[in-house]
Each structure stands twice: as structure tokens, then as C-alpha cells.
> 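This is the structure I want to talk about, given as C-alpha cells.
We name chains A, B, ... by the order of the sequence lines, and we start the count at 1 in each one. We use all heavy atoms of the structure for the numbers below, so side chains are in, but hydrogens, waters and symmetry mates are not.
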Amino acid sequence: MSKDVTFSIVGSGGDGAVVAGDLAAMACAAVGLHVIKTEAYGPQIRGGESSSTVRISPVPIAAQGDASEALIVFKFSDFARFRSEMPLAEGCIVLHEPDDPPPPELASYRCVPVPFAQLAKDAGAPGAKNIVALGLLAAMFNLPVDSIRTAMRKRFRKRDAAVIDANFRALDIGSAFPSPRVPREGQGEGRPRLLMSGNEATAFAALHAGCSFFAGYPITPSTEILQLLGEWLPKIGGSCLQTEDELAAIGAVVGASFAGSKSMTATSGPGLSLMSEMLGLSSIAEIPSVVVNVQRGGPSTGIPTKSEQSDLFHAVYGGHGDMPRVVLAPCDVEDAFHTTVDAFNIAEEFQLPVIVLSDQLIAQRRETIDAASLVHDVVQRRVPHDPDQSYQRYATTDDGVSPMTVPGIAGGMYQTNGLEHDEQGRPSSMFITHERMNAKRHRKLEAIAKKYPLFRRFGVNDPEVGILCWGSSAGPVAEAIEAMNTKGAGVAAFVPRILAPLPLRELQAFIDSCARIVIIELSYEQQFHRYLRSLIALPRDTRVHARSGGKSLSAIEVIEATAVLEEVMA
Amino acid sequence: MSKDVTFSIVGSGGDGAVVAGDLAAMACAAVGLHVIKTEAYGPQIRGGESSSTVRISPVPIAAQGDASEALIVFKFSDFARFRSEMPLAEGCIVLHEPDDPPPPELASYRCVPVPFAQLAKDAGAPGAKNIVALGLLAAMFNLPVDSIRTAMRKRFRKRDAAVIDANFRALDIGSAFPSPRVPREGQGEGRPRLLMSGNEATAFAALHAGCSFFAGYPITPSTEILQLLGEWLPKIGGSCLQTEDELAAIGAVVGASFAGSKSMTATSGPGLSLMSEMLGLSSIAEIPSVVVNVQRGGPSTGIPTKSEQSDLFHAVYGGHGDMPRVVLAPCDVEDAFHTTVDAFNIAEEFQLPVIVLSDQLIAQRRETIDAASLVHDVVQRRVPHDPDQSYQRYATTDDGVSPMTVPGIAGGMYQTNGLEHDEQGRPSSMFITHERMNAKRHRKLEAIAKKYPLFRRFGVNDPEVGILCWGSSAGPVAEAIEAMNTKGAGVAAFVPRILAPLPLRELQAFIDSCARIVIIELSYEQQFHRYLRSLIALPRDTRVHARSGGKSLSAIEVIEATAVLEEVMA
Amino acid sequence: MTFTANEFKTDLKPVWCPGCGDFAVLNSVHRALAAAGCAPHETILVSGIGCSSRLPGYVETYGLNSLHGRALPMATGAKLAAPRMTVVAVGGDGDGLAIGGNHFLHASRRNVDIAYFMMDNEIYGLTKGQAGPTTPTGDKTKSTTYGNPDPSIDPCALAIACGASWVARGFSGDVKGTTELMTRAIRHHGFAFLNILSPCVTWRGEEQHKEIRAKTRPIPAGHDATSREAAMRLTDEGEHVTTGVLYEVERPTLLDELVEIERRARGDGAATTREAILRAFLPAA
Amino acid sequence: MTFTANEFKTDLKPVWCPGCGDFAVLNSVHRALAAAGCAPHETILVSGIGCSSRLPGYVETYGLNSLHGRALPMATGAKLAAPRMTVVAVGGDGDGLAIGGNHFLHASRRNVDIAYFMMDNEIYGLTKGQAGPTTPTGDKTKSTTYGNPDPSIDPCALAIACGASWVARGFSGDVKGTTELMTRAIRHHGFAFLNILSPCVTWRGEEQHKEIRAKTRPIPAGHDATSREAAMRLTDEGEHVTTGVLYEVERPTLLDELVEIERRARGDGAATTREAILRAFLPAA
Ligand SMILES: Cc1ncc(C[n+]2csc(CCOP(=O)(O)OP(=O)(O)O)c2C)c(N)n1
Ligand SMILES: Cc1ncc(C[n+]2csc(CCOP(=O)(O)OP(=O)(O)O)c2C)c(N)n1
Ligand code: SF4
Ligand code: SF4
Ligand SMILES: [Mg+2]
Ligand SMILES: [Mg+2]
């Protein structure tokens, strides 16, 4: 009897497929189950096809689930566009309207006709097909019905009582309708869990880290961060500015940071490209800045609504000149909180630009988090509060970090610029100054590499196969490894959470401990592989599984790429 | 007796040091000598310190010359700021005003007081200190005096006869003044040579390649290209637009190319950073574009007037997403012509963005070129002139190149975009389309690598030491190799002129043929080294000589870095 | 040879929401291109990014749905490269006035020989409802929980101030009127800016359509379209919004200037061949 | 405690050419900061890139000589982060109107609480003499061999059109007058734009100084500075150029708006602590 289940609901226009998924997710999170919920949409701006996939488990889960055990389809024509990206589990139960027979290619699954529309009408809630479906799912998978009701009450609070009652009837009718039962183990510990998206975790992390200024320009899939901080910052005395473009956004962020505030912007690929020049100023003038970049399909406008890992090159190499910067990458929603706080800590302590490379999958999926896990130390900028005559803004130090005064501090005045400059910030075009200051700025990276060797490692020791991956790929990789190792394979993974500077010592040790290395990433150009190669020696027989984004990585895909089970079985 | 000589003239304000250098260079080019002339300036926008260094040789030369055999200083206070970047040859002759004694640290050189100002007065041309100096140099180094007069006539054509005569007297008085004689071999073949800067060669190459549209925004050290094409294009029926910024410049270029014109822009680091996003559109929509990027000291505003090789990362990796592009790099002024024509050929044939990475040293030094060498085949875009119903803008082909119609062609209409799209250009967010189109666009790079394995190789076969370098570093490396090999060392160099895609087969063969590899570049972050590592296996004992720019690479520096002579001597 | 509105249609289905004002704009574009006597293969449509910027995909011409904010520089380059083509730029209020504001300023100033249709829904539609430069002050949107702090821009006033030589306002609901304005814009000699009020039913509400219809007024009789001041006055009338041609003058366009420059360049009897240009770099012995 | 002009001087030697108008501007800045009662440690000077943008290096405040075109967004961020500081942006005509044009438009519209001094020499000085947005049409420059094709912008007219609440013009040669205008600009509540005609002796010729002096006229008596139309009229007078305060109105600034937003944000009795905000993500069982 399976611990965790995954089901999908597909509809269009007013079918409310996504609402049903939300309610199921909230209800399960409320009773302490672990949940991961993803959504997908057609090209239509509104009223087009939409789908919601929910995975539920009594034990922690790391990915969105490879395949659905149940699929509810209100119209098969809507399902068509998701088919290639929505794998169905063997024996998947497919619930559909009687008058909309499944296409031949679905014949092999357990198709069960259900008169959703009719049942909704019977309930007196004609629009509540989705609630009927939810009732069915609740019965099939033994979901917490009371807390579904609570979730409905919250969701529909603006509707009048009659409507809500009708919806409750629809829920009951749905659960009562004869449907296959899929026994599921574990009801959760009862203590409710936070249900958050990566963008929400990132925005909250900014508050936690003490960010008091945000400037941004809307762009999918990062916009929620702008919207949330626009709502939250004024509450805590900070401010949020929606600028005319990304050039202004990062400009305002660096300006605010120069004036003493912890500042951040959030964007996606196209915006990050536009910010390249200003990040160079943040780097040479040593003004802290935090940029959250939520990756989507590229290049150019690409596929704005889907995930990919192809902004790595630009993040670690983008911008002209020798430009020290730090790049972090979260592995999941909770990690989006921690990496964002670390981003502020590193930016403020080391006075340089820090890019957080999130991706659409982490940013927009909803996932349960234990509230207790959202704790993380906060570091402050080194500010000399009564500088004397000898104060030099860019004084030479061992770790390259020079104390930074901020406006308002008497005697701390300095004049800086994006030109090469000396210890006092005075422009210089001399080679000796340039070499000396390049060295100073780059020493900071060595200090960061020592202090922040951020990575995750899971799997066995001295593995037969070591997987290298990053970002949201870590989830499916983790689950694949668990699956493989329970089958007797010896696999482990090393997932850097800081990409620049890479934790080379730890990475090298991991590589040395592995018999074989497999690299897994969602970039056609193998950006992660090529980046690793530029810094560390990889075994000749290293395997690379790299493909375009636009479809999320599955554990099965990882298992196949690792090609270790065959050997175990053999 | 030395074949080639190098001398420098240092002054400020109205001293005319640079003019004297120009006249010497023109005069020598006119009689068929080989000349390389560089200039340097203090921070002052005008009236500050300036210096001109001229190298003259009867045989081809590849670099600006390591050290000056003669130095003319009108005021030692002006010389101070150039000292660290202007090596003097052993026994260098230093000519200075009697009332301005040389600083102690110059005592070891042959200091000769010359009353420049007084002699100029005597000639009746009080302002002509520099011409007196020129006369002295002519006498010392046996420069072609008649052709100096011709050069003066041309330069001063706007002045009245009396002034010109006075200047001629100043020249004679200078040559007559007792000064050490430095016998120099060879007078050149008499046939005049072109005297051009890299920016001039690049602008001329655009005309040669059939460029009919240029858009740009001024930025040092690339501005001359905008200025020249603004003057030239209208003469041949093309047009030039100075835009409001670089975003508009590259936008206009891609727009003009979409409309059928061969189009180009020119910029430097900060501008290239701003162009990142639009290059992505050029890549995914497969619209040819040529961007000349003249590198200067970075990051940010950095050192605008000096050379560096630190825009490599941004050129090969900049821009979000998996974005195929081509990057070329000239080795010298003449090569700036050839790489620019190749840039148009590749952009037009393969429909993608091509970046030419020039640098300040190549772009702004003046160098003699044989007019006969400025020939290069020109390739045209594949345009179907009467497309039928079945025409697909992005039709699948073996080399990834799909014939491209242009406005005006009946039946060739198509609608394209920066979103991922199918063969017809229709937006698609499906993974399968994305993967297929990524593959199509990247196949072009394989075809280019086959057809354009551009590189230079010099030195011995099966070398003991193989040097890898690029761009303007090739010059000093070439001269260093000649010097080392004549001393019995076995050194060779491989200089890729196409950096993306790299000519891997040829490069690998070269590496395999070398006992040791030394990488030489002007980037603190070792961008070239790290880029090579990401694509090819380098021997464990590979040496890297990388430093900041701001001071040009010298042959001696290369010899030391190669550390091969010690061994030979040993 | 002339073409019908139908010949300007593609068979790609618009992604727009049911009821979006842009459908009517598209309809007007098809008709106006026909009415102005344009040929599909001699017409270039360029847009930025946004719901509205999807429009070129639905029009059978050479079409480029480019980058957010860059429609105008790309259209300018296209026009200079192919002066014989009709070049029309289209896009949204955010595309043209937020990220694209600088290009709007300079294209107007240079009087570039193109028409520019701005579909103004007072919101960022494609990104799902954030405030833009034309969103009324105080409005609550996805990005302005407490109300929009910024004063809104009147695109027509800005165009006039920046030097556009033809400036008009239309309402997508009035297909006939909009078609007529588009036709005139395409025929105008110079930079013709048409601000089209086009409702976003999804983020501005189903009511927006009615509200716009209610507040629009036709151009007052006897309006002197050649007077900047008169035109400016019609751009700030509080309640009402005037539709029609607000401003129309004749002045040299960017192409006119470039033709004149070419005349001077060739005129000075100087080098007009590759060889002659090269000769200048050959020092005389 | 107040400071003298001398206390605002640094000992860094300006890179400007002998005779450059910017020396006088610098002189005025030193005096104006003192006159306005600013304290060096509570003042932030931000510039872009250009000869003029080197100015902050010569003024003893917190100074940032930033990127070409970005002075205004950076100054805006600085002001929002440190509202108690006096924030002044400075730069050139190219910096503010070419690459920085969009920020000029939006900073004016938002009425950001900063002063902005534009040193207008009608040319790109630092890059050695190319035409810019204020270069007169027809002028030959390094980048316009055959004469500048583009109509020039009047920065004051543009500022007024974009919504700046205080707009004035000065002439660097008139240190007393410029100092006075700068002082008023710094004291103004909102976005104060001062266009300073400042000769570039190197690329506009030694004559430019005299020419400017000759064509400038003081503000006419009885000018109604609160009238947009009256102000606009003073921005296009052919021969002459009017110096003085052309336009001055009082309207809510960006900071005023953000204070109001903060009031609403706290006012709605809602979550104003980290914990309370987090609670919203905890589904009720
Ligand atoms: C550089 C960049 N920044 C941001 C975006 C995200 N984006 C896409 S459309 C849009 C604004 C759309 O508003 P508008 O131009 O008014 O068009 P509408 O959708 O309202 O028709 C934004 C911010 C982007 N695609 N590129
Ligand atoms: C992104 C970028 N583009 C171009 C430049 C080159 N640049 C430096 S200053 C300048 C223009 C200077 O003109 P202006 O702003 O009027 O200042 P001025 O020198 O005349 O005082 C330009 C184009 C740059 N530094 N950065
Ligand atoms: S979101 Fe608004 S603008 Fe976009 S398609 Fe829908 S209705 Fe039209
Ligand atoms: S170039 Fe012009 S603006 Fe720049 S410093 Fe010299 S005179 Fe002043
Ligand atoms: Mg809009
Ligand atoms: Mg200027």
C-alpha cells in the first residue's frame, strides 16, 4: 500500500480545476501531511486549458511526483496539450464525463465515467463540477474531508451561505459516488504545515534578512515577489518601488544600498540580461546588492511559464570585465528561504552583488514547510560608526573587505565611482592600481568560499555513482537515489547551493569518492557541465544527461540517466 | 646594427608630442617602412599629459615594441605618469630641456640636453618644439626627411606658407643639432603603405562586406567606427543612425537586418552588457547581426582608455538562456579587417549574432598595412526569391540554416518572435518543440566550426612549449617566439581567431604536439584559460600567465612567462 | 494591386481572453492595411512584448513580435533599411511608456517615418495585472495593494511634447473610427502616434469597456490640429477623453534628413567608392 | 550646525579642460550646498558618466559617480532608503536625455524628492564631441559630418511636460544666479530640475561662452510660474533662452505617497510583524 499519491485535475475556463487542487493541498497541509502542488496552463491568457497536480505524503517528499495515479478530465480536448508533459502511472484511474469518451491511447488505463456536471446540478451548485471531483478524490484517497470543508469555507468566505452549502452538498455527492478506493497510508501528524511557493519563501526571506528596500519590474515567473513585498514592506517601514524597467530597478537597489539599506530586486532571464552593466558597478564600487533571478525557458522571451536551468552562464559569467559576484541556487521551496537570507548575509558582509538563481518550478509550485525550519542567522554590514581622518573606503585588508560608511555618519564621506580607483575611491587609470584592486576584490571570493561552502549531499558513502546537479533538479535526483539505493544500488549526489564561488574542496572530495560521475541538468548547452569543467577535473567517463527545460525532470529519467539499476539487476 | 627602432615623445598641452609622432609615422609609411604607433594620455580631458611611441622597421613587425631607444621629454613632470608603463631600452637616449634636469632614476640613461623651445624660437616658429624634436629624431635614426616634409605639408595645409616655412626651418635646425647617431638598417621598399587604426580597418571592412546599415552610440574606444561610418555610409547609399542608447542601437541593427540589410553596431564593454538581451532575440529569431566590441579595462566603467581582454566571458557566455552566437577576435589591425568581413559572412550565412572582440590596443594604434592584403570574399544571405506555399521560415535542415525571406518578397511573409516557436515561427511552449528548435539552432555551430576553423599558428613544429593566446596578445607573443627560437628554443603559438565555436580539432592537435603549454592573457580572472578548460583537456602542468590589462603585453614578459630560455641556456 | 482585409488575416488563433479589446484592434488593423493600400509583402509589423504585442502574429505581413520595450528602435531600423516598405509598430502602454519610454521620446523627436499604434488598457495585461504608466493614480492592482502612487501619463500629451508630427486617440470599441485613424496614421508623412483605448476585461474588469465608451468625446468642431497648445488642451480634460486627430503638422522626417545627408555626402565631389575611401589612408611619399 | 562652501571642497583636481563651464558649476554647487544648510555627511551626490558627471568627486559629500544614464534611478533609491538625506543628482545632457531619457521622464512624473542639475553643453564632451539630444539641428560634430539631422530637445520643456514640479534654467557663467537657483532647487519639495547651460570650450568652441551669454534673458517680470502654458511658452522663443525659475508648483511627492501607503498598510489593522505575515500561510485544520 503506497505511502504517497499524486493526482491531476485538468479543465479549462470556468472548470475550476486549479481551485480543486488548491483546496486539496490546503486541506492536507492543514492536517500535517506533506504536499507538493504544481500547475500548468495553455497559451491562452485566461479561460484556456489549465491543470493542477497534487502529491500528498505522510513522509517528506522532494519532488512533484513522476506520474499521476488518478486523473480527472472535464474535457479530453483540454487534456491533449498536457499529455506529453503529464505522465500517468500504470493503472491510473481516469475519471471523465460519460459523454466525452477517452481517446484510444488512454484505453489501457482504468477509465471511469462520472457525470460531474449532472451531479453538480443535483447538488444545486451547477458550477461546482470541481468540488464534486474533489469529493471523489477525497473518497478514493481517503483525504481529510473536514479540513477540506474548512479550506472551502476560507476560500469561499465572500460567497453567501447558500452557495457554500450547495458546494458542501456537491462535495458529499462526490464522495458518495461509487469510485475505486486506493488505500493510502498515514494521515499526517495533525500539526498544520505552512503551504508556500518559492516566490513566497523568497519574499518572506527578504523580510527575515532585514531587507528594507525592494525595486522591481514585473516579469513571469518572478512577479509574485514584487507583489508580496509591495504589500509587506510598507507594513514594517520599508519601501517598495515598481520602476519603469529593470535598468532602473537594479539602479535603485544599488543606490539604496549605497545609502545604507539592505536592498533587493527580483526578475527573470530577460531582466537579468538588462541588469548586467549595473551589477558591474555593484562589484567594482563594492556596494552590496541582491538579485533574485527566477529562471524560465530561454533564450530571449523563450517559454516564460516553464522551468529551465539555462541562466547559469549569464549568472556566473555575465557582464563585461573581471567582475567578482556570488551566485547561489536553492534546491526547493524551503531552501529558497535559506539561500535568500544567505544572499543578503554574503552581500552585506562582502560588499558585492549576489544572484539567487531560483527557477519557475521552485518559484511557483506550492510546498509544505515546517514553520520551525524558517530560522536563519542574519549578518550586518561592517560599518565604522566614528571613522577618523585615516578612513579609507577601499582600504586594503586580508579578506578584501573594507569597512563601509553610510550617509549620515559624520566624517565618513567618500566619493566613489565605476572607474578603477585607489583605496580612497579616486579614479586611476594606472596598471598598478588596477592590478592591486582586482586582487583586493577577488580576495573576497576566497574568503566566501571558505566561509560559505554551501551544498547538499545525499545517498551512500563512497558511491558507485555520484550525481552532480543543482537547483530544482535536486528533488527528482533525491527521490531517484532513494529508489535506486533501496534496490541495492550505491548512489549519492552532490548539489552545490553556492555556484560561485564553488565549494571546490568539498566537491573534489565527493568526486574522488565516486566510482563514476553523472551530471544532470536542464540546459541544452550543458551549462552546468561546462561550468564545472572550467574549474575542476572531471573523470574522462563522466556521463552528462542534459536537455532543454519545459518539462520537469522526473525521478525515472534520473534513474535511466544513471544507468545503475541495469548493473545491479545484471 | 638594429633593424627596427622605437622612440617616444612625451609632452602636455600644446607641446604637440602626438603630432610629431603622427608625422614620423606617416613619413615612414610613405616610403614603405613598417610602422606601429601608439599613444597614451593622462586623465585630463584636454591639455593633459600625452605621449606618442613610434616603432619603425624595414621588415614586418607584430607589436608596438617593448622599449624605447630614444625618449624626448619636454617636461619630466609630464613623464612621471607614463614611467611605469613606458619601458626604456638599455642605453636609451633621453633628450630634454637644459633647464629641466632628468630625475635621478634616469641617470643611468644617455641624457642629452636640447634647448627645444629656444631652437624653435630661433626658427621663427615658437610653437614648433615638437618639429625641432622631429628633426633631431630624423637625424638620429636617419628617417626620410623629404617625406617628413610632405607629411608636414599635408598636415599643415590650412596654415599659411610663412608658418609652414618656419616649421621647415625648425625641422632643419633640429636635424642639424648635434645628437648621437643611431645607425638603422633598411629604408623600406619605397612603395607607400596604408597607415590605419584597427577601428578604421573595422569600419572599412564593413563597407567591404556590404554593410548598408550601422547604428551605434558613442563609447571609448570604439567611437571612431560610428564616426567613420557616419561619414562613409551616406556616400554609398547606406545609412547610419546615432541612437539614444545601446539598447536602441542593437535593436535598430536587428530590425534593419530583419528588413534585409547587412547591419552592424560597435561598442565597448558597458554597451555590450546592455545589448545582452537583444542578442538573444537575434539568436532565437535567427536574424543576422554583427556587434564589434572594442575591449577596455573593466569591470564597469573601469579604464576606458586602456586595453584588456576581460570581455571574453560576456561575449561567449553573456545573455540568459541557451543562446548560440559566434565570437571572433582579430590579432592586429589588418586582421581587424578580415575578422570583420568574416563576421558579416558568418552572420549572414548562418543567421545568428556574431561578436567581434577587438581591443583598445588594436583599435586605436596605427599600423602599416599592404593595400593588396585588404581582399576578402563576401558571402550573401540565403534568400528564397520566389517561395511557394510550403515555405517555412524555420524549416528543419541538416546544418540548421533555413532560407530567410526578406520584406518585399511576395509570398515570403512570416511572423516571428522571441518566444520559442515552431518551423513556421508560431509560438510554442511545448517541450518537444523547444528541444527540437534548440537542436536546430545549435547545429549551426557545428557547421560553422567545420567551415571557419580560424586561427593563426607560428613557431616551430612539435614545439617544446606551445603558447595559447588570443587577440592583441598575439603580437608580442609572435615577436617573443621569434626571439626565443633564434636563441635555439623550440616554441610555437596557437591563436584562435574564432573563439566560439572554438576550432577544437586543430587546437587539440596543436596541444598534443607540444611538450608544455603556456597560456597568456590580459585578464585577472584568467577568462581565456577557464574558457579553454571548459571545452578541452589541458595538460596538468599547463602554465598560465594572466594579469590585469592597463599596460600592454611585452615580448620580454612573454619570454619570462614561457621560462624556456633558462632551460636552453642551462 | 490592392488587397482586402481578409488577405491580411493569418489562421493563428489569438491567445487573448474572450472579450479583450485587442480583438477589435486586430480587426481594425486588417481593415486599415487594406484601406491604406498596403501589400502584405511590403508591410512590416513590429511589436514588443505584451498581450497587445502578440498582434503581429495575427496579421499576414512580415511580422516581428520582438522584445519588451524595443518595438520602436527595431521599427526604425527596419524602415531605414527598407524605406519602400510600410512599417507599423504596435504594442501596449507598458511596452511603450514604461520600459520603452526612451525610444518613444526619441522616435517622436526624430519624426521617424512609421506609424505607432499603442493599445492602452491602463494595465500590464500579460503579466497578470500590475500598474503601468497609464494606470489611474490610486487604483489598486496586483502590484499596488494600497493604491497606485504614481500620476498617470497621457500618452498623447507626451507624444506631442516629444515632437510627434501626428497624434490621435481612438477607442477599440469603435472599429470604424479606429480603422479610419489607422489608415490616416499609415498615410501620414512622419511619426504618427495613435493611442487606442483597449479594455482589458480580465484585469480592469468587465466594466472598463462601458466606462471608456462613456467618457470618450469626439474632437470638438473647429479644433486647430496644427496648434500644439490647442492639442495639449485636449489632452487634459479631467472627466472626458477626446478621440480623433489631436495634432497634425508637416515637418521633415528622419528619412527626409537622411536623404539630404546622402545628397551632401555625394555632393562634395568626394570619394564615393571603396577605393577612393581607402586612398585617404595612403600617405604620400 | 552649518557649513561653509569650503567645507564642501575635496582636494581632488578636476580633469576638466581649462575654461570648461563645469568649473563654475562646481563652484556654485559648493556655495549652494552651504547656502541650503546641507551637511556634508547628510548629503548624497549621484551622477552618471560624462565630463560633468565627474563633479561628485570634487564635492565633499557621500558621492557616487555611477553609470552612464543611471543617476536618477540611483538617486531615487538612495532617497527612499535615506529620506533624511539631501539627495542631488548631476550629469550631462547626453547622460540625462539620451541614454537616461526614460528615467528623466519617470522621475519627473513621480515627483521624486531630489534636485537634478543638468550641465548642458549641447555635446558629448567626454567621448570627444559627438552630437547629443540638445545639439542644435544642422551642427557639424564628430558624429554628424554632414550636420545633425535630429531636432534638439529643450530639457526644460520636456521636464515640464513629464511632470517635474520645479523647473529652472541657469548659465554656469552666472555663478551668483546659478547658486541661487541650486539653493532653491535643493529646498524645493519634490523633483526640482535645473538645466545649466555650461560651455564645452573644447568641442563647442571658445565662442560658446559668449554666445550663451548673448542669448540668455532673465525671466520676464510678472511671469506666472504656476502656469504650465506660460512656462512652456518660455521654452521655445527661437533666438533667446530664458534663465530663472520657469515653473514651480506644489504637489504630492513620491515620499508623500509612500508615507501615505505606509499609513494604509499599517492602518488596516493587519499583520505588521514577521510572525503575523507568516501565519497567513498556515492553513487552518
Ligand atoms: C525585459 C522584460 N521585462 C519584463 C517582461 C515581462 N513583461 C511581459 S509583458 C509586460 C507588460 C505588458 O503590459 P503592456 O505592455 O501594457 O501590454 P498588455 O499585456 O497590457 O497588452 C511585462 C512587464 C519582459 N517580457 N521582458
Ligand atoms: C553604457 C555606456 N555607453 C556609452 C558610454 C560612453 N560615454 C561616456 S560619457 C558619454 C556622453 C557624455 O555626454 P554628456 O552626458 O553630455 O556629458 P559631458 O561629457 O558632455 O559633460 C558617453 C556616450 C558609457 N560610458 N557607457
Ligand atoms: S489579460 Fe487583458 S489585455 Fe491580456 S488578453 Fe486578457 S483581456 Fe486582453
Ligand atoms: S571636453 Fe568639454 S565638457 Fe569636457 S571637460 Fe573639456 S570643455 Fe569641459
Ligand atoms: Mg497594457
Ligand atoms: Mg554634454
Side-chain angles (χ1 to χ4, degrees), chain A residues 43 81 84-85 268-270 272-274 276-277 280-281 283-285 293 295 297-306 308 310-311 313-314 316-323 417-420 427 429-432 434-435 438-439 442 523-525 527 530-531 533-535 547-551, chain B residues 43 81 84-85 247 268-270 272-274 276-277 280-281 283-285 295 297-306 308 310-311 313-314 316-323 417-420 427 429-432 434-435 438-439 442 523-525 527 530-531 533-535 547-551:
Chain A
R81 74 159 296 106
S84 65
E85 290 150 30
S268 187
L272 188 67
S273 285
L274 289 172
S276 314
E277 189 197 10
L281 179 65
S283 185
I284 194 173
N293 181 71
Q295 299 172 100
S300 196
T301 307
I303 306 182
T305 55
K306 292 185 167 181
E308 188 163 89
S310 60
D311 293 351
F313 274 165
H314 191 78
V316 298
Y317 294 123
H320 65 284
D322 289 317
M323 177 190 139
N417 49 71
L419 290 152
E420 186 54 277
S429 59
M430 306 285 279
F431 162 74
I432 37 174
H434 187 33
E435 177 72 14
N438 260 336
H442 285 83
S523 157
Y524 186 89
E525 286 180 350
Q527 296 189 5
R530 289 177 58 192
Y531 175 59
R533 260 192 89 166
S534 73
L535 292 164
R547 62 159 170 90
S548 307
K551 182 175 78 175
Chain B
R81 74 159 294 105
S84 64
E85 290 150 29
L247 302 166
S268 186
L272 187 68
S273 286
L274 289 173
S276 313
E277 189 197 10
L281 179 65
S283 185
I284 195 173
Q295 298 173 99
S300 196
T301 307
I303 305 182
T305 55
K306 291 185 168 180
E308 188 163 88
S310 59
D311 293 351
F313 274 165
H314 191 77
V316 297
Y317 294 123
H320 64 284
D322 289 318
M323 177 189 139
N417 50 72
L419 291 150
E420 186 54 277
S429 59
M430 306 287 278
F431 162 74
I432 35 173
H434 187 33
E435 177 73 14
N438 260 335
H442 286 83
S523 157
Y524 186 88
E525 285 181 350
Q527 296 190 6
R530 288 177 58 193
Y531 176 59
R533 261 193 88 165
S534 73
L535 292 164
R547 62 158 170 90
S548 307
K551 181 174 80 175

> Please rank B:Leu535, B:Thr305, B:Leu272 by heavy-atom pairs under 4.5 Å with chain A and give me the top one.
B:Leu535

> Please classify the contact of B:Ala439 with chain A as side chain, backbone, both or neither, using a heavy-atom distance under 4.5 Å.
both

> To check you understand the geometry: which heavy-atom pair defines the closest contact between B:Ser273 and A:Gly319, and what is its length?
OG-CA, 3.7 Å

> Working to the nearest 0.5 angstrom, can you tell me the gap between B:Asp322 CG and A:Tyr524 OH?
9.0 Å

> Kindly indicate, with the supporting measurements, whether the criterion side chain to side chain contact (heavy atoms under 4.5 Å, CB included) is fulfilled by A:Ser429 and B:Glu85.
CA-CA 11 Å; A:Ser429 59; B:Glu85 290 150 29; over 6 Å; no

> What part of B:Ser523 lies closer than 4.5 angstrom to a heavy atom of chain A: side chain, backbone, both or neither?
both

> Atom CG in A:Leu274, atom CD in B:Glu277: separation rounded to 0.5 Å?
4.5 Å

> Which heavy atom of A:Ser534 sits nearest a heavy atom of B:Arg533, and at what distance?
O-CD, 3.6 Å

> Give, as side chain, backbone, both or neither, the part of B:Leu281 having an atom under 4.5 angstrom from any heavy atom of chain A.
both

> With respect to chain A, which residue among B:Gln295, B:His320, B:Glu420 yields the maximal number of heavy-atom pairs within a distance under 4.5 Å?
B:His320

> Heavy-atom distance under 4.5 Å to chain A: side chain of B:Glu435, backbone, both or neither?
both

> Counting C-beta onward and ignoring hydrogens, is there a side-chain heavy-atom pair between A:Pro304 and B:Leu419 closer than 4.5 Å?
yes

> Measuring heavy-atom distances to chain A, does B:Leu247 have an atom under 4.5 Å in its side chain, in its backbone, in both, or in neither?
side chain

> Supply the atom-to-atom distance B:Ser548 OG to A:His442 NE2, rounded to the nearest 0.5 angstrom.
8.5 Å

> Does some side-chain heavy atom of A:Arg547 sit less than 4.5 Å from a side-chain heavy atom of B:Phe431?
yes

> Begin from the C-alpha positions of A:Met430 and B:Arg81 and carry the test side chain to side chain contact (heavy atoms under 4.5 Å, CB included) through to its verdict.
CA-CA 8 Å; A:Met430 306 285 279; B:Arg81 74 159 294 105; 3.7 Å; yes

> Among A:Ser310, A:Ser268, A:Gly297, A:Ser283, which residue has the highest count of heavy-atom pairs closer than 4.5 Å to chain B?
A:Ser310

> Looking at A:Tyr317, is its backbone amide N or carbonyl O close enough to the side chain of B:His314 to form a donor-acceptor pair, meaning the two atoms are under 3.5 Å apart?
no

> Hey, are the side chains of B:His434 and A:Lys306 touching, using non-hydrogen atoms and a 4.5 Å cut-off?
no

> What residue in A:Gly549, A:Gly550, A:Gly298, A:Pro299 has the most heavy-atom pairs under 4.5 Å with chain B?
A:Pro299

> If you count heavy-atom pairs under 4.5 Å between each of B:Gly302, B:Gly318, B:Pro43 and chain A, which one has the most?
B:Gly302

> Out of A:Ala285, A:Pro270, A:Gly269, which one racks up the most heavy-atom pairs below 4.5 Å with chain B?
A:Pro270

